[in-house]
Structures are given as C-alpha cells and as structure tokens.
**Student:** 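Got a structure for you, written out below as structure tokens; questions coming shortly.
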Amino acid sequence: MNTIHDMGGMHGFGPVEREANEPVFHADWERRVFALTTAVSFAVPFTDDNLRSAIESIPPARYLASTYYELWLEALTKILIGRRVVSERELASGRAEPLSKDIEVLGPVTPADALAALDAGFPARRASGKPARFRLGDAVRARNLNPATHTRLPRYARGRLGHIVADHGVMSFNDANGRGDGEQPQHVYAVRFTMRELWGPEASARDHLTLDLWDDHLDPA
Amino acid sequence: MNTIHDMGGMHGFGPVEREANEPVFHADWERRVFALTTAVSFAVPFTDDNLRSAIESIPPARYLASTYYELWLEALTKILIGRRVVSERELASGRAEPLSKDIEVLGPVTPADALAALDAGFPARRASGKPARFRLGDAVRARNLNPATHTRLPRYARGRLGHIVADHGVMSFNDANGRGDGEQPQHVYAVRFTMRELWGPEASARDHLTLDLWDDHLDPA
Amino acid sequence: MSGDDHDHHHRAGWSDVELRVRALESILVEKGLVDPAALDAIVETYETKIGPRNGARVIARAWVDPAYKARLLSDATAAIREQGYGGSQGEQMIVLENTGAVHNVVVCTLCSCYPWPVLGLPPVWYKSAPYRSRVVMDPRGVLRELGLELAESTEVRVWDSNAELRYLVLPRRPTGTEGLSEDRLAALVTRDGMIGVAAV
Amino acid sequence: MSGDDHDHHHRAGWSDVELRVRALESILVEKGLVDPAALDAIVETYETKIGPRNGARVIARAWVDPAYKARLLSDATAAIREQGYGGSQGEQMIVLENTGAVHNVVVCTLCSCYPWPVLGLPPVWYKSAPYRSRVVMDPRGVLRELGLELAESTEVRVWDSNAELRYLVLPRRPTGTEGLSEDRLAALVTRDGMIGVAAV
C-alpha cells in the first residue's frame, strides 16, 4: 500500500524533536491502548501485520493528524469491528451486547500467560520454506511492486540495485500474511544499497542503507 | 522537494468525487484569493514556480487538511511576507503600515492591463538555450534527483526508462527558477513511459504515461 | 483604517479565512499594490468569459472542419487562438486525439496545471488527492469509477502536465451526429470529455 | 453495565479518545476477552521492567568481556538472552558495532519497529514523521541536528527495520573509562546511543 506511512525519503516534516526524560506513556489512555491491543490479540488472534495493515489503511490526512496511540486505537477498533467482536453501537453507548454465537474467540489471557508469551516472543522464523534464490554477495534489484495491500518493501527501494550482505534464514512473509494469503515462508536477506543508488548523485558516496527484503521482493541483477 | 504534493502513485485517498454543476468558486473569499494572487504578482513580481514552491513548503499534515484556495492563501501570504510587503502584524490587525522605502514594488495593475496580460499569457518558451542532448525516439532514463527545492520531476518517474516522443523546444527551467538559480533555458521533451516500467508487472501492458521533462532531468539510456 | 473597517473585521459569522483574506486585500489595496477594480475584472473574466464552453467550440470546429482539425493537432496553440482563445495557462497547447485505439486522459499530479483558456479554472476533483494520486497508476480503475469503461484493446495514454505544456483532449465525435450544426455539436462536448474522464 | 459506569463515561474533562478507550476496555472486559489484571501486568512490565537500562547492561558487558562481545556480534539473540532479555519485538536480534570507520543508525520508516526487550517501547521522535522520512535520505544532516557530527571519513550505515529483525547499536566505549565497573559503564550508555543518534 503506497500510502503516507511509507514516508522514507520525504521532505517537509520539519526537525526531529526529542523530549527530555520522556515517559513511556504520555497519558493513562495510551497505557490502556497499548495493553488492550496486546492482550486482546490472544483472545481474538491477529498479527502485527494485521495491525500494521489497519494503521496503513487510515487515510493520509488523518494519519498525519493523529498521535501514535490514536492510530493504534483506530486500527485496533477497526480490526475488532471487522471480526464482529465489537460494534460502533457498543462503542458509542459503552454497553456491551451479547457476542454472536458464530464468532470464534478464546478466553482472556491471564497476567502470567501474557507475560510468559511476551517473554517468549512471536518468532517469524520458520523451519522450512521456499529455497533461497540468492547468496551472499549477489547483486539484486528490488522489484517495482505497487500492491494496494500491505507490503514491507518501501517505495524508495523499488527498482534499486543492491547486494546481499546476509541471509537471515526462512521467515514468514509479511506481505502475504498481511493480505490474508498465508505465511509463504521464504528467505529474508539483508540487502545493502549505496546511498547514491537510492538518492542520486548528491548523496554521500561513502554511506549505505540496509533493508531486510524477502526473496519475493528481489530479482537477480 | 519530495513532499506530499508529489502524490502520483499513492493509495489511500479514496474515490474521486465529482460535484454536479460545480461553480467556478465556492465562496467569495476564494474569488478574492484567486484574483489577489493574480493581480499582486504584477506589483510584486513572482512566478508560478514561486507560488508552487511556497505551496509545496506547507507541511504535509496541513497541506492535506487545507482546501485548494487555503493553500493559495497561505502560499501567497508567505511570499508577500518574505518580500516584506505585508507583515503578520498587519494581517492580525487588518491595518496597513507604511511600506519600507528599500522595498521595490510596482504600481497596481489596471483592469485593462491585467486582462491584456492574461490574454497574452506568460510563455515559458525561450529563443535560445542549452543545445538539445536528445532526439525523437531516443531512450532516456529520468535521473534520480531528490532536491530539497522545487522540482517538476515527479518521484514516480525517477530512475525509470522512457522514450522521447516530442521535442517541445527551449523553455525556462522551472526547477532552477523555483530555487532562484535563474531560468537556465533548455529543451523540454515529451517522454513516454510504459505503465509497466513505472508501476511493475501488475500494470497494463498496453498503457503509457507521458511526462514533459527538461533536458537536465534526463540521462541517455 | 477607519473604525468601520475595524468593526467589519469582527463581523459575526465570518470565518478566520474570510477575515484573513479581507485583511490581506485591504492591506494590499491601501499600499497601492492592487486595484480592487482589477480584482473584479479578473474574477468576472474567469467566472463568465473563460470556461469549458470555449474548449467545446474548439472541439466542435475540429469535428466539422478537417483542415482545422489538422491545424489543431499540428499547432494547437495557434489553432485555438484562431477561435479567439489563448493566454495564461494555455501558452503552449497540445491537443490529444482520442480514436478507437487510443484514449487520452490528463492530470497534474504535482499541483493543478490545466488549460485555462479552453477549460477555465479546474474543478475541485481535478485538484484533489484522489484523482492526482490514482489516475497515473490505475487510469482504467479511475475512469471506470467515473463511469467510463474502456475496452481492454484500447490503449490508455495518461498525460501528467508537469511542465508548461497544457493538454486538451479531442474526444471522438459521437455517432449519429452527422446532421448537427457546429453549435449543437459544441453543446454535446463536456469539460470532463476534454480532460479525458468522459467519452465526450 | 451499572449506572455508575454509565455516568463515568460522561465525567467532565475526559476527552473523546479517553471516553472511547474506556468504552472499548469495558466492553472487552465484559465480553470476557481481556482480563484487567493482564492489562495492568503488561503496562507494569513495559513501564518498569523493560527499557533501555536492559540494553545498556548488554552494551557494558560487551565492553568489558571480549568473548561476550564476540557472541553478541555473531548471535545477538542468544547473547542478549544470556543477560535475561528477549521476547516480543526482539525475537531475531542483530547487534551493529560502531567503530572508528563505521557509524550505524537504526530507523523504521514504515511504522515503529524497535527492539523492545533491550530498549523498551520507542520514544515519540523515533515514531515521528521527521525522523522516519529524513534519516534514510540525509542521515548526516539528521545526526548533526541531534548533536552528533560525524567525520566525513566515517561511513554511515542506515538500517531500516522493515522486516522482523531488530537492531541494537553497540556504541564505541568512551575513552578514559578503562577503570570503570560494568555498572558504571552501563550508566554511561544512553537509549539514543543504542539507536545510533548519539555517540554513546
């Protein structure tokens, strides 16, 4: 999805502003949004890619006008409404209505199980998948893909020439997963680009940028 | 300037909505903004590129939240403040203060002169300039330029291969003019790209897109 | 500035933008940089004299006069000036002929470039993010949404008006219009047809 | 839902977003989809247990223990787990060593990917449009603005965390710290140093 979240290489957003002694959360509702998103994903399973995809679907003007946890809240709400576990009417009234019998959900995660799961993590690595098409040192060109669905290939790299500097092994493919096409496990490579390849002759000749790209993002070059 | 005005190829803005029997202006203040911008450019000379550059400098969130003539008003105000012919204080009070003696302005354009100038137009064509580097049929690649200043080379075409289908002759170079580097007159070519070159294998194999690119936007391919 | 003028900046019901425009205009007038009569003349010109009826007359003439059509396609600026139209935002015109094989559609992704002398000022949708963002990547989808379904065999040509050339689409003359006068033909031509988002 | 709960949705001074979050939480709790105690436990974990002090301990250990540093650079996930850290958003860790010749800096242009187990949740600036948009194209300019001027001879390597690998920068050990304990060294390491926007 070529929308405003894919902002690498844009001008015009102004200086980076750091807050001294920044708290983890800036308001109690931010705490609750973070925790709700994490906890409810056990009972109504969704992945980071579902959440990212829902955030990316927020129209650009609202995306830019929203704070980070406002984006999470909107995306989480959209996911839960899409799964029919919450309705706009309930959110407006604040009153829960009975859950339809045909909706599959799990029970609430307990505090201990939640913390154990977070400590274990949710590895993207898979035991097997599509054979690797590339090897260390190979020259590759990022494909010029412009799907209307979720993708982890940023626009600024499309069509650009890089080199494989690491093979991270086989992982679930976020692009496929985000559009509901299953995990399609495949190799993920660290692909190094010169800054001049990405940004033209005005860029530093010395500097590089590395992206982690899936096998399906790449063509031999 | 890679900012939100350069939106060709983005998703997420929703459907195109046409208004039936749309009026030329939607409010009286829109009429005045259009006319003021046109008229004051005779007394305080600025070009379309200055206006475009000022519009592009509006931060993305505000750009997207503004209507078209709100963008014009903000850009015009910025230009006039930059030329010191108007101040924020005057705009807040609504009261004009004396113009500083060192500011060069011309008198107000008369109705007849304004209409005659609009009817004559402001041609970008120039009698001479840099010799043409390309000819009809030549394969060219749009340069990967990412200036922080005004440019008329859209991001979606950068690095892409096309063919010269017309030579429009020598014209003033908006990119140079917009950054205050003079007119640098040079040939402008119609460059045709296949949709697949621009957008990848999912695009129609039959369709094309044409951009008018200046000689300095192109490399031989 | 008089007390009346000051009060009028606070007249109830005026929005911030209205107040700001009023302030800007009165400051520029007071400084002798604009003449209110010139503002009125400019507005009147673009509200009443310059608009898509101009382009429609050009198109109708091209439909009935093969020699004119040939001139229009080879030197659009001069041929349009023959009809009395030209000037700002139409200094270098190009006319794009739709045929059974090729459909042309015009956009300005970077701002709002548009052939004022023949079409007037652009409509809001033409300047909007949905049109500018999408028509260059998915022209068939956008045209379909706008009610124009193109045959798969038709080549779509998108023209992004990023420089100082301005584009006018010459739609195909509708069948069954052989007997119509030039004026009647002009009445069939729409603004959207001359942008390329409608058939005629 | 009790009358008290209903009133509390209209408590004066609550913003729309607060009301909406309260409503969502109470609905999810009432439906048995979340346990409020789990929410509290999650918040407490990320406010008090998981944060940049974890990463700082990893860095300090690498500074004092060459064998640990070698493990950290060859298998960061395992070496970080040795210190007791790991899990969500740190399942596949990579540690990037700054040297006299190379400076590393980490970003996530597409969203907010960040190595939670060692750095905690990301600060607002890391998730902000200015950082995400600019550091990939003009890293030296962004670092200069943030107070880190790099020598022209230093190679800058930007790492855009677009997949499920998470990056931690191993800053150079400051000179003059030879006598310091591991704890004292850890106290020198900043979050920003481990992102790559500060020297240490």
**Student:** Under 6.0 Å from the CD atom of E19(B), do we count more than 12 heavy atoms belonging to anything else shown?
**Tutor:** yes
**Student:** Considering only heavy atoms, which portion of L198(B) lies under 4.5 Å from any heavy atom of chain A: side chain, backbone, both, or neither?
**Tutor:** backbone
**Student:** Under 4.5 Å from any heavy atom of chain B, what part of R155(A) do you find: side chain, backbone, both or neither?
**Tutor:** side chain
**Student:** Is atom CD of E202(B) surrounded by more than 12 heavy atoms (other residues, nucleotides or ligands) closer than 6.0 Å?
**Tutor:** no
**Student:** In terms of heavy-atom proximity below 4.5 Å to chain A, should E197(B) be classed as side chain, backbone, both, or neither?
**Tutor:** backbone
**Student:** Who wins among P147(A), G159(A), G9(A), P201(A) for the most heavy-atom pairs under 4.5 Å with chain B?
**Tutor:** G9(A)
**Student:** Tell me, out of P60(A), A148(A), A61(A), G14(A), who's got the most heavy-atom pairs with chain B below 4.5 Å.
**Tutor:** P60(A)
**Student:** With sequence neighbours left out, what residues match A65(B) under side-chain contact (heavy atoms from CB on, under 4.5 Å)?
**Tutor:** none
**Student:** Distance-only, no hydrogens or angles: does the H11(B) side chain make a donor-acceptor pair with backbone N or O of N2(A) under 3.5 Å?
**Tutor:** yes
**Student:** Can you name the closest pair of heavy atoms from R158(B) and R160(A) and give their distance?
**Tutor:** O-NH2, 3.4 Å
**Student:** Measuring from atom OH of Y156(A) to atom CG of N144(B), what distance do you get when rounded to the nearest 0.5 angstrom?
**Tutor:** 13.0 Å
